[in-house]
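In this chain, residues are counted from 1 in sequence order.
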Amino acid sequence: QVQLVESGGGLVQAGGSLRLSCAASGRTFRSYVMGWFRQAPGSQREFVAAISRSGGSMDYADFVKGRFTISRDNNKNTVYLQMSSLNPGDTAVYYCAARTGLAIVNTFSAYDYWGQGTQVSVSS
């Protein structure tokens, strides 16, 4: 089992940047595919990005390509989401998730463990 704790959210103006972090407990972090999802008020949780266990492969939702970058440091048991060119449409609670399978997938039901989320608010 793994516990996930997100940090780095906050209020930023449109065009600004934020870096989210997700710290994982346990010694098996490198055995999990990691993902970021987000949920805006009144909306369903949606996929943002995911990264393979080694960090060599990533996948992104179309709406963040070129703006967000996912990365991980297996020595620090941490996954990151660097966000730039933020716009009000990016306002949401951002969740970190871990899955035990091999493949990078973009469906939330495929992920086994979730953090509590961190709020990102972008003002116009």
Side-chain angles (χ1 to χ4, degrees):
Q1 191 167 351
V2 61
Q3 293 184 327
L4 306 172
V5 179
E6 301 97 334
S7 61
L11 175 64
V12 64
Q13 288 189 331
S17 299
L18 280 174
R19 187 176 82 155
L20 305 183
S21 299
C22 172
S25 65
R27 297 176 293 175
T28 59
F29 175 73
R30 62 182 68 243
S31 67
Y32 295 99
V33 168
M34 300 300 297
W36 286 96
F37 290 76
R38 70 185 188 185
Q39 188 167 17
S43 299
Q44 292 193 343
R45 194 167 299 190
E46 62 181 356
F47 171 76
V48 175
I51 189 167
S52 64
R53 297 186 300 182
S54 69
S57 298
M58 290 78 77
D59 187 27
Y60 296 94
D62 287 343
F63 56 79
V64 303
K65 283 182 180 177
R67 300 191 299 127
F68 292 10
T69 301
I70 188 171
S71 62
R72 67 190 295 163
D73 186 337
N74 285 343
N75 293 322
K76 295 183 178 179
N77 284 9
T78 303
V79 61
Y80 305 96
L81 185 68
Q82 178 68 49
M83 307 185 294
S84 61
S85 301
L86 286 162
N87 60 67
D90 295 316
T91 295
V93 177
Y94 283 71
Y95 296 91
C96 171
R99 71 180 301 266
T100 54
L102 263 178
I104 300 174
V105 296
N106 61 12
T107 52
F108 71 83
S109 61
Y111 287 78
D112 304 295
Y113 305 102
W114 292 85
Q116 293 300 307
T118 185
Q119 176 71 48
V120 171
S121 299
V122 184
S123 63
S124 57

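A side-chain donor-acceptor contact under 3.5 Å links Arg72 to the backbone of Ser52. Side-chain atoms of Asn106 never come within 3.5 Å of backbone atoms of Phe47 as a donor-acceptor pair (strictly under, hydrogens ignored).
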List the steps, then state whether side-chain contact (heavy atoms from CB on, under 4.5 Å) holds for Thr28 with Gln1.
CA-CA 9 Å; Thr28 59; Gln1 191 167 351; over 6 Å; no
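Summarising the local packing, OH of Tyr113 is surrounded by more than 12 heavy atoms from other residues, nucleotides or ligands at distances under 6.0 Å. No more than 12 heavy atoms of other residues, nucleotides or ligands lie within 6.0 Å of CD in Gln3, so this atom counts as exposed by the packing criterion. The number of heavy-atom neighbours closer than 6.0 Å to CD of Gln116, taken from other residues, nucleotides and ligands shown, is 12 or below.
Looking at Arg99 and Tyr111, their side chains never bring a donor and an acceptor atom within 3.5 Å of each other. Gln82 and Ser84 form no side-chain donor-acceptor contact under 3.5 Å, judged by distance and modelled atom types alone.
Each of Phe37 and Val120 belongs to its own hydrophobic cluster when Ile, Leu, Val, Met, Phe, Trp and Tyr are linked at side-chain heavy-atom distances under 4.5 angstrom. Linking Ile, Leu, Val, Met, Phe, Trp and Tyr whenever their side-chain heavy atoms come within less than 4.5 Å puts Val33 and Tyr95 in one cluster.
The CG atom of Leu81 sits 8.0 Å away from the OH atom of Tyr60 when rounded to the nearest 0.5 Å. Between Asp90 atom CG and Phe63 atom CZ the span is 8.0 Å, to the nearest 0.5 Å. For the atom pair CG of Asn77 and CE of Met34, the computed distance is 9.5 Å after rounding to the nearest 0.5 Å. Rounding to the nearest 0.5 Å gives a distance of 9.5 Å between OG of Ser31 and CG of Asn74. Expressed to the nearest 0.5 Å, how far CG of Leu18 lies from CZ of Phe68 amounts to 9.0 Å. Taking OG from Ser17 and CE from Met83, the interatomic distance works out to 8.5 Å, rounded to the nearest 0.5 Å.
Scanning all heavy atoms of the two residues, the minimum distance from Val48 to Tyr94 falls at CG2-CE2, 4.3 Å. In plain terms, the two heavy atoms of Val2 and Ala24 that are nearest each other are CG2-CB, 3.7 Å. Contact detail for Phe108 and Trp114: the closest heavy-atom pair is O-CZ2, 3.4 Å. Residues Arg38 and Ala92 approach most closely at CB-CB, 3.9 Å, considering heavy atoms. Between Leu4 and Cys22 the shortest heavy-atom distance is CB-SG, 3.8 Å. Here the closest non-hydrogen pair linking Thr91 and Ala40 is O-CB, 3.7 Å.
Side-chain contact between Glu6 and Leu20: absent, with no pair of heavy atoms (C-beta onward) separated by less than 4.5 Å. Put simply, the side chain of Val79 reaches to within 4.5 Å of the side chain of Trp36, judged on heavy atoms. Two residues are said to be in side-chain contact when any heavy atoms from C-beta on lie closer than 4.5 Å; Gln13 and Leu86 fail this criterion. Looking at heavy atoms from C-beta onward, Ile70 lies out of side-chain contact with Tyr80 at the 4.5 angstrom threshold. Contact annotation: the side chain of Leu102 approaches that of Arg53 to within less than 4.5 Å [non-hydrogen atoms, C-beta and beyond].
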